[in-house]
Number of protein chains: 2
Amino acid sequence: MSSENPPPSGRPVSDGPARYASGANLPLLRGHNAAVLLELLRAAGEGGVSRLELAERSGLTPQAVSKITARLREDGLAAEAGRRASTGGKPRTVLRLVPGARHAIGLHLDRDESVTVLADLAGEPVAVRRAPLDLGAGAPEVLAAAAAQVAEVRAAAPEAQVIGAGVACPGPLDHRTGVLHRVTGLPQWDGYPLRAALAEQLGLPVVLDKDTNAAAHGLAQHARGAGSFGYLHLGTGLGAGLVLGGAVHRGARTGAGEFGHQVVQLDGPPCGCGKRGCIEALCLAAVAAGDPAEAARVLGVGAANLVELLDVDRVLLGGRTVLGDPDTYVRGVAASLDGQLRARGSGGARSVPVMAAPGGPDAVALGAAHLVLASLFGAPQGPFAGPPPVI
Amino acid sequence: MSSENPPPSGRPVSDGPARYASGANLPLLRGHNAAVLLELLRAAGEGGVSRLELAERSGLTPQAVSKITARLREDGLAAEAGRRASTGGKPRTVLRLVPGARHAIGLHLDRDESVTVLADLAGEPVAVRRAPLDLGAGAPEVLAAAAAQVAEVRAAAPEAQVIGAGVACPGPLDHRTGVLHRVTGLPQWDGYPLRAALAEQLGLPVVLDKDTNAAAHGLAQHARGAGSFGYLHLGTGLGAGLVLGGAVHRGARTGAGEFGHQVVQLDGPPCGCGKRGCIEALCLAAVAAGDPAEAARVLGVGAANLVELLDVDRVLLGGRTVLGDPDTYVRGVAASLDGQLRARGSGGARSVPVMAAPGGPDAVALGAAHLVLASLFGAPQGPFAGPPPVI
DNA sequence: TGCACTTTGGCAACAGCGTTGCTTAAGTGG
DNA sequence: CCACTTAAGCAACGCTGTTGCCAAAGTGCA
């Protein structure tokens with residue numbers, strides 16, 4: 001019965017015109033609950049969960065969990081995996097996600113390099129390919145290179161059932177339409193409908209997002225409990241990905257996360273962007289001067305501004321510059337941030353942890369794959385709202 | 001049948017322990033759809049909407065809309081109100097919200113004044129009371145004064161069915177537990193469980209929120225279409241309320257919106273908070289020096305930082321200082337903000353409108369009442385997630 | 001005036017959802 | 001070996017939105 005349902009999540013494949021508020025019906029309810037249980041199964045990891053535990057965590061009745069997990073098992077998405085120790089009665093049967101049941105492609109198109117991953121349902125990379133890329137070359141060349149690399153990772157797991165591809169790019173873009181906007185330094189991509197082009201080239205549903213957003217989305221999967229954090233990415237520029245309440249915040253026009261051009265020095269030194277005293281200019285100047293400690297101090301002040309404005313749980317650092325000297329940056333930013341917060345703290349003085357983003361150089365590509373997988377799982381926050389980039 | 005349901009929204013009154021992701025069942029589905037239609041009815045205002053229009057906007061079938069609106073009419077929340085012109089067949093029957101069917105109290109406890117409103121379902125004030133208040137006095141005095149004022153507005157509409165009270169306070173607090181945290185300058189309120197105390201005193205469900213959040217929430221109701229904006233409140237201090245995707249963003253610990261203590265001048269002049277170069281210090285210094293233009297310029301730089309980080313649609317200004325000279329501030333901030341954005345704009349150059357927040361001195365109290373009313377209406381964004389302050 | 005047509009909205013039957021009551025399965029402990 | 005406990009499935013159920021059909025209420029043309 002359920003094996004013929006196109007997407008196991010039950011969410012509408014194309015949600016039509018954006019409505020102010022949407023009513024819900026039974027198929028949506030069913031898909032929602034399935035996605036919630038799938039999310040809980042994934043969160044449980046290899047240890048698995050019993051049906052009763054799923055019931056407690058989801059708020060569904062045990063019987064409903066039994067029915068829904070039976071459908072998930074029919075679809076091959078979940079399986080029984082041993083039993084718990086008995087507590088005086090029949091032992092609980094452990095259910096586990098079947099990671100290999102579905103796969104997703106993650107594609108990170110950077111200015112000089114492309115990274116492609118094939119990720120399984122658990123979000124783990126099954127295959128990774130990395131190759132030089134000239135994003136400044138023409139669209140046909142870039143598309144062909146991307147398609148070839150995607151074919152390679154698909155060949156690495158021939159029987160993998162791929163549900164879509166997530167693509168991460170630098171620069172402003174519109175994740176709803178999948179169109180690029182003025183990629184800094186590469187005007188030829190202005191207004192290019194990359195999502196549509198890639199979808200046709202690959203023959204797969206494609207979601208497009210900014211690199212920092214993809215990374216932040218991927219990082220959010222590692223954090224249980226619908227947390228919130230800011231991911232600061234210091235590389236050739238300084239950007240941020242914001243996760244608020246467990247979901248990536250993209251803003252009205254996918255423009256959120258412009259962290260680098262916040263002014264922290266009124267009438268300060270000019271920045272390449274045309275403004276003065278941008279944190280990116282100050283930071284990169286310090287990096288160029290070989291003073292990572294000063295860069296970290298400035299970054300910490302900006303991080304404090306972000307933490308106070310958004311009240312996030314923690315701050316994650318990533319990007320090439322940070323990865324080159326993680327300790328200095330993590331400690332420097334933590335000290336600076338702590339100093340700022342502590343100065344304010346008339347008692348409360350909460351401290352916000354600063355850490356290096358896990359995942360290393362594949363984090364963005366893996367996050368892009370997660371964007372696709374997210375359509376299967378229940379959003380930690382607004383169930384029916386679903387993840388913004390609908391396939 | 002439906003008149004015996006405790007809350008017409010169908011949402012659980014107390015949601016128990018916070019769960020990672022929650023499953024949904026039929027009562028929740030029913031409540032959700034009722035709330036969605038109620039929201040659409042309210043959005044339609046006095047003009048009303050037909051059943052078919054409700055069906056189009058909600059995505060529900062016309063028959064479902066008929067059933068659900070029939071229940072709303074039974075509960076007295078909606079009523080038929082005339083007909084549209086015919087377009088060649090039977091004319092559409094217009095449905096309208098019955099504003100007087102329910103009411104909510106809004107209570108704004110400021111440092112030196114309290115404002116109490118009784119708002120109807122449409123969010124319009126039915127009665128307003130304003131009185132001096134010394135928030136520094138003991139809790140019993142403040143509670144008694146609040147209770148007396150609430151009794152007054154209730155007496156102004158004796159037959160009003162009041163569903164709860166929303167309370168807005170300055171300073172950090174926890175909106176989930178309803179406990180105050182270190183209200184600046186009033187240490188005696190530290191850790192005071194204001195929500196519980198007021199709920200007992202008034203005999204009503206109470207939601208507690210920060211004043212800027214309440215104002216922002218109220219302002220969000222006037223903006224159709226799940227927009228996002230930053231509300232900057234310049235009074236004795238400088239704070240902000242953030243509305244992202246139609247919902248107030250409070251952060252992990254209700255601490256979001258600390259706009260005033262973002263550093264915009266590294267190693268700048270010391271601020272009362274202990275840091276240096278806070279925008280609040282710079283702004284208030286300019287105000288004290290009788291230079292609102294400079295204050296507006298600085299505010300505009302901070303607003304630009306916020307707009308770029310969060311990609312909001314617009315910026316609203318409020319608070320006593322702004323209300324004292326709205327034109328100067330609105331124009332000054334708009335010019336400064338535009339200058340910042342235009343400098344960056346390598347083409348796009350979108351402009352973000354700046355305007356004075358409507359509502360004037362009652363905006364906070366009215367917003368607090370809206371917090372209560374929101375529990376009846378469908379959240380524009382995440383349906384089942386519901387509004388953060390659960391009654 | 002009358003008839004054809006269009007559109008709205010209610011009625012009744014229906015499929016599908018989670019829920020409830022009960023039964024069976026599968027252990028522990030005396 | 002039996003009483004007890006806990007887990008999970010089966011069947012009936014209530015309720016949801018949906019579908020097919022029909023009455024109501026207009027317009028427009030003959």
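So you know, we letter chains A, B, ... as the sequences are listed, proteins then strands, and number each from 1.
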Roughly how many Å is it from [atom1] in [X] to [atom2] in [N], rounded to a whole number?
{"X": "A:Leu28", "N": "D:dT18", "atom1": "CG", "atom2": "C1'", "value": "15 Å"}
{"X": "B:His32", "N": "D:dC15", "atom1": "NE2", "atom2": "C1'", "value": "17 Å"}
{"X": "B:Leu29", "N": "D:dT18", "atom1": "CG", "atom2": "C1'", "value": "13 Å"}
{"X": "A:Ile68", "N": "C:dG16", "atom1": "CD1", "atom2": "P", "value": "16 Å"}
{"X": "A:Glu74", "N": "D:dG9", "atom1": "CD", "atom2": "C1'", "value": "15 Å"}
{"X": "B:Arg84", "N": "D:dT27", "atom1": "CZ", "atom2": "C1'", "value": "18 Å"}
{"X": "B:Arg51", "N": "D:dA24", "atom1": "CZ", "atom2": "P", "value": "16 Å"}
{"X": "B:Asn33", "N": "D:dC15", "atom1": "CG", "atom2": "P", "value": "17 Å"}

Review point. What about A:Lys90: does its side chain form a donor-acceptor pair under 3.5 Å with the base of C:dT24?
Key: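 Donor-acceptor pair under 3.5 Å: no.
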Check your understanding: Can a donor-acceptor pair under 3.5 Å be found between the side-chain atoms of B:Gln63 and the base atoms of C:dC11?
Key ->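 Yes.
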Review point. Is a side-chain N or O of A:Arg195 found less than 3.5 angstrom from the main chain of A:Arg176, in a donor-acceptor match?
Key: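 Pair found, side chain donor or acceptor close to backbone of A:Arg176.
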Review point. Under 6.0 Å from the CD atom of B:Glu200, do we count more than 12 heavy atoms belonging to anything else shown?
Key: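 Atom CD in B:Glu200 is not packed in, count stays at 12 or less.
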Any side-chain N or O of [X] below 4.0 angstrom from OP1/OP2 of [N]?
{"X": "A:Ser86", "N": "C:dT28", "answer": "no"}
{"X": "B:Ser66", "N": "C:dG9", "answer": "no"}
{"X": "A:Arg92", "N": "C:dA26", "answer": "no"}

Practice item. By nearest nucleotide on DNA chain C, pick out whichever of A:Leu60 and A:Thr87 is the more 5' one. Key: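 By nearest-heavy-atom nucleotide position, the 5'-most residue is A:Leu60.
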Check your understanding: Any idea which heavy atoms bring B:Ala85 and B:Pro91 closest together, and the distance?
Key ->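 Looks like C-CB, 4.3 Å.
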Practice item. Name the residue closer to the 5' end of DNA chain D, choosing between A:Lys67 and A:Arg73 according to the nucleotide with the nearest heavy atom. Key: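 Nearer the 5' end of the strand: A:Arg73.
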If you only use heavy atoms from C-beta on, which nucleotide in [options] is closest to the side chain of [X]?
{"X": "A:Arg83", "options": "D:dA25, C:dG9, C:dG27", "result": "C:dG27"}
{"X": "A:Arg71", "options": "C:dG9, D:dA7, C:dG18", "result": "C:dG18"}
{"X": "A:Pro91", "options": "C:dG18, C:dG10, C:dA26", "result": "C:dA26"}
{"X": "A:Leu26", "options": "C:dG10, D:dA7, D:dG17", "result": "D:dG17"}

Exercise for review: Using a heavy-atom cut-off of under 4.0 Å over every strand shown, decide if B:Ser50 touches base, sugar-phosphate, or nothing.
Suggested key: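 B:Ser50: no heavy atom of the nucleic acid under 4.0 Å.
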Review point. So does A:Arg71 pair up with A:Glu74, basic N to acidic O under 4.0 Å?
Key: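 A salt bridge is absent here (no side-chain N lies under 4.0 Å from a carboxylate O).
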Point to revise | From A:His217, A:His175, A:Arg250, residue fulfilling side chain to side chain donor-acceptor pair (under 3.5 Å) relative to A:Asp209 | key: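 Only match with A:Asp209 under side chain to side chain donor-acceptor pair (under 3.5 Å): A:Arg250.
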